[in-house]
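Side-chain atoms are counted along with the backbone in the values below, which use heavy atoms only and exclude waters and symmetry mates. Note that the structure is a prediction, hence the values are computed from the model and not measured.
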Amino acid sequence: MTTITSGTDTLTRDALTVLQPGFPGTTAPDWLLRRLGEGLASVGLFGRNIASAEQLAALTAQLRAERDDVLVAIDEEGGDVTRLEVRTGSSFPGNHALGAVDDVDLTRRVAHELGRRLAECGVNLNWAPSADVNSNPANPVIGVRSFGPDTDLVARHTAAYVTGLQAAGVAACTKHFPGHGDTAVDSHHALPRIDVPADVLSERELVPFRAAIGAGSRAVMSAHILVPALDPVHPATLSRRILTGLLREELGYDGLIVTDGMEMQAIAGTYGIERGSVLAIAAGADAICVGGGLADDETVRRLRDALTAAVRAGDLPEERLADAARRVRELAGWAASAPTAAEGAEPEVGLTAARRALRATGAEGFTPLTEAPYVAALVPVANIAVGDETPWGVAAELARLLPGTATGSFTGEDAGRAALAAAGERRLVVVVRDEHRHPWMAAALDTLLAARPDTVVVEMGVPQAPPRGALHVATHGAAQVCGRAAAEVLIGG
């Protein structure tokens with residue numbers, strides 16, 4: 001095991017151990033390597049850190065040369081939220097597509113293949129799956145990241161995902177406890193509030209987390225949400241009643257509790273990251289995720305010092321910090337020696353799942369595309385978890401099948417008229433994402449379908465609005481592989 005730098009006291013080592021920071025660039029900066037030598041046990045990877053599988057493997061090898069049991073974490077849900085394939089789009093459909101198929105063995109196989117690829121690159125902790133029940137269709141942050149609105153379906157697929165991922169030697173981190181699906185606010189921007197009775201939470205939100213715990217999920221991620229029925233004062237990440245009382249004591253969970261990103265405004269904008277981190281550890285969290293936005297040594301130093309100062313001031317029991325650090329080291333030990341299943345690679349399982357997830361309405365009277373169409377993407381603002389650097393849609397896949405395909409992006413009140421003008425005489429394919437959440441998008445479709453009834457509509461978000469168009473294809477997600485499956489249908493494949 002790694003030898004910690006002499007002179008680093010136990011308290012400081014423990015404070016560093018509970019941090020999961022990010023960093024810039026595709027190689028490890030000197031300050032990060034130095035912190036690993038001082039006790040830092042985890043790092044978090046984001047799209048900015050990844051250029052290719054080969055580069056990622058070299059980066060994780062660089063980290064392990066400094067600390068051989070380092071936890072290398074990533075936010076790789078597949079589907080819309082991908083870091084491994086951030087610049088191309090994911091080879092795996094996300095949770096909503098898997099829920100639409102509702103084949104738990106397929107979900108397990110997809111998770112296993114995704115985990116196998118992560119493990120090959122040296123990643124051993126995945127901040128996934130999302131176990132949120134998408135009970136509020138207007139939810140701006142979960143949506144296709146959820147297996148669906150049905151509690152039992154979400155529970156069985158969460159368990160299958162955890163099983164598949166961990167069989168590949170990658171620890172699952174089931175999120176966002178106690179459930180982020182019934183919110184109308186994105187916790188990246190503000191503090192959401194879930195006003196439902198405790199019995200509803202128990203029978204709906206908590207069921208998939210019970211399933212994840214039963215499946216042996218090595219980690220659980222807390223949500224930055226206020227749930228007054230459980231704790232009227234503190235958001236879940238900072239609530240002892242929720243993290244210790246509910247998750248640990250009532251649900252019997254004994255693995256690692258990780259916070260969601262502490263620089264998200266639900267915490268940073270209300271408590272600040274230093275105080276928030278102290279309160280989170282005191283409440284029962286074991287690892288502080290930070291680094292999506294704040295990714296520098298100064299952030300690590302600030303949080304380390306805040307934790308040690310809180311212990312010295314009597315605001316954070318030293319034994320609580322030591323216990324959190326112990327749990328991090330235990331997971332690091334598991335990950336460093338985790339056996340992997342003998343199951344072989346399934347490079348096409350993502351495409352298989354994406355094809356099975358498609359729902360086509362109006363196919364019986366549809367004339368397949370034979371000439372290059374015009375693809376009009378009606379583009380909503382991406383949520384921060386998804387980001388705006390990952391391509392989505394069907395244009396690239398249609399261009400591969402029908403060279404000469406043209407495309408454009410449209411938004412706002414004039415989107416319909418602008419798309420009509422741009423399309424000219426070409427057959428029109430309109431790509432939407434969560435039409436039910438965007439009145440301007442629905443109005444644009446009204447305009448397009450009135451003028452061009454042969455318009456094809458591809459819905460790549462949650463298919464909540466009634467299907468319409470000469471053909472309506474619901475992909476249940478916007479991953480690259482979903483776009484490919486949809487394009488095949490449009491040409492009659």
Side-chain angles (χ1 to χ4, degrees), residues 2 4-23 31-44 67 69-71 73 125 127 173 219-224 234-244 247-248 255-332:
T2 301
I4 302 296
T5 303
S6 60
T8 308
D9 65 87
T10 299
L11 178 59
T12 300
R13 286 202 306 273
D14 285 350
L16 284 170
T17 296
V18 303
L19 303 181
Q20 290 189 347
F23 59 93
W31 65 261
L32 183 67
L33 298 175
R34 185 176 70 254
R35 295 299 186 196
L36 288 171
E38 293 171 353
L40 186 70
S42 312
V43 299
R67 179 171 184 144
D69 66 342
V70 63
L71 280 171
L125 171 59
W127 294 318
C173 183
V220 168
M221 178 176 283
S222 67
H224 302 330
H234 302 101
T237 294
L238 312 183
S239 170
R240 181 170 177 79
R241 166 71 189 93
I242 293 174
L243 297 189
T244 298
L247 183 53
R248 286 271 185 243
L256 190 76
I257 299 177
V258 184
T259 72
D260 207 344
M262 296 300 284
E263 65 269 58
M264 294 164 64
Q265 285 304 300
I267 299 296
T270 52
Y271 293 86
I273 63 168
E274 291 100 333
R275 181 167 176 249
S277 295
V278 170
L279 292 173
I281 298 294
D286 306 305
I288 301 295
C289 175
V290 64
L294 299 171
D296 52 34
D297 190 36
E298 175 64 12
T299 299
V300 173
R301 186 196 63 75
R302 285 167 58 196
L303 296 185
R304 178 203 65 188
D305 291 353
L307 291 167
T308 56
V311 170
R312 289 175 178 133
D315 297 328
L316 173 64
E318 186 169 4
E319 56 271 23
R320 169 76 276 270
L321 180 61
D323 180 61
R326 175 187 62 80
R327 290 182 188 276
V328 173
R329 296 183 190 113
E330 284 180 354
L331 181 58

Using distance only, find each side-chain donor-acceptor pair of residues 306-314 under 3.5 Å and give its atom names and separation, not counting sequence neighbours.
from   : atom 1 : to     : atom 2 : distance (Å)
Thr308 : OG1    : Arg304 : O      : 3.2
Thr308 : OG1    : Asp305 : O      : 3.1

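- Taking CD of Glu319 as the start and CG of Asp14 as the end, the distance is 11.5 Å to the nearest 0.5 Å.
- Scanning all heavy atoms of the two residues, the minimum distance from Ala41 to Val328 falls at CB-CG1, 3.8 Å.
- Among residue pairs with one or both ends in residues 287-296, none qualify as salt bridge (Lys or Arg N to Asp or Glu O under 4.0 Å); sequence neighbours excluded.
- Rounding to the nearest 0.5 Å places CZ of Arg326 at 12.5 Å from CG of Leu321.
- Note that the CE atom of Met221 and the CG atom of Leu256 stand 10.0 Å from one another [nearest 0.5 Å].
- Nearest heavy atom pair, residue Leu243 against residue Gly284, reads CD1-C, 4.3 Å.
- Across all their heavy atoms, Ile288 and Leu303 have their closest contact at CG2-CD1, 4.2 Å.
- Note that the CG atom of Leu279 and the CZ atom of Arg240 stand 12.5 Å from one another [nearest 0.5 Å].
- Partners of Glu298 according to the salt bridge (charged side-chain N to carboxylate O under 4.0 Å, His left out) rule, which considers only residues two or more places apart in sequence or in another chain, are Arg301.
- The line from SG of Cys173 to CG of Leu125 is 6.0 Å long, rounded to the nearest 0.5 Å.
- Although no hydrogens or angles enter the test, the distance criterion places a donor-acceptor pair under 3.5 Å between the side chain of Glu263 and the main chain of Gly291.
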**Q.** Verdict with supporting geometry, Leu32 and Val300, side chain to side chain contact (heavy atoms under 4.5 Å, CB included)
**A.** CA-CA 9 Å; Leu32 183 67; Val300 173; over 6 Å; no
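- Contact between Ala285 and Ala324 at its shortest, heavy atoms only, is O-CB, 3.9 Å.
- Under the 3.5 Å distance criterion, the side-chain polar atoms of Arg248 are matched with a main-chain donor or acceptor of Gly255.
- Taking both residues in full, the closest heavy atoms of Gly22 and Trp31 are given as O-CH2, 3.7 Å, listed atom of the first, atom of the second, then distance.
- Residues passing the side chain to side chain contact (heavy atoms under 4.5 Å, CB included) test with Ala282 are Leu316, sequence neighbours excluded.
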Q: Please step through side chain to side chain contact (heavy atoms under 4.5 Å, CB included) for the pair Ile273 and Ile267, ending with a clear verdict.
A: CA-CA 7 Å; Ile273 63 168; Ile267 299 296; 5.7 Å; no
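- Here Ser277 pairs with nothing under the side-chain hydrogen bond (donor to acceptor under 3.5 Å, both in side chains) rule; sequence neighbours left out.
- Listed by first then second residue, pairs satisfying salt bridge (Lys or Arg N to Asp or Glu O under 4.0 Å) with a partner in residues 269-282 read Glu274-Arg302, not counting sequence neighbours.
- Taking the side-chain hydrogen bond (donor to acceptor under 3.5 Å, both in side chains) definition, one finds that Ser222 meets it with Thr237, sequence neighbours left out.
- Checking side-chain atoms of Arg67 against main-chain N and O of Gly39 turns up a donor-acceptor pair under 3.5 Å.
- Contacts of Thr17 classified as side-chain hydrogen bond (donor to acceptor under 3.5 Å, both in side chains), with partners at least two apart in sequence or in another chain: Arg329.
- Scanning for salt bridge (charged side-chain N to carboxylate O under 4.0 Å, His left out) contacts around Glu318 gives an empty result, with sequence neighbours left out.
- Among residues two or more places apart in sequence or in another chain, the salt bridge (charged side-chain N to carboxylate O under 4.0 Å, His left out) test is passed with Arg320 by Asp286, Asp323.
- Among all heavy-atom pairs drawn from Val258 and Ala219, the shortest one is CG2-CB, 4.3 Å.
- Remark: Cys289 SG to Met262 CE distance equals 9.5 Å, nearest 0.5 Å.
- Ser239 pairs by the side chain to side chain contact (heavy atoms under 4.5 Å, CB included) definition with Asp231, His234, Arg241, Ile242, not counting sequence neighbours.
- With sequence neighbours left out, the salt bridge (charged side-chain N to carboxylate O under 4.0 Å, His left out) criterion links Asp297 to Arg34, Arg35.
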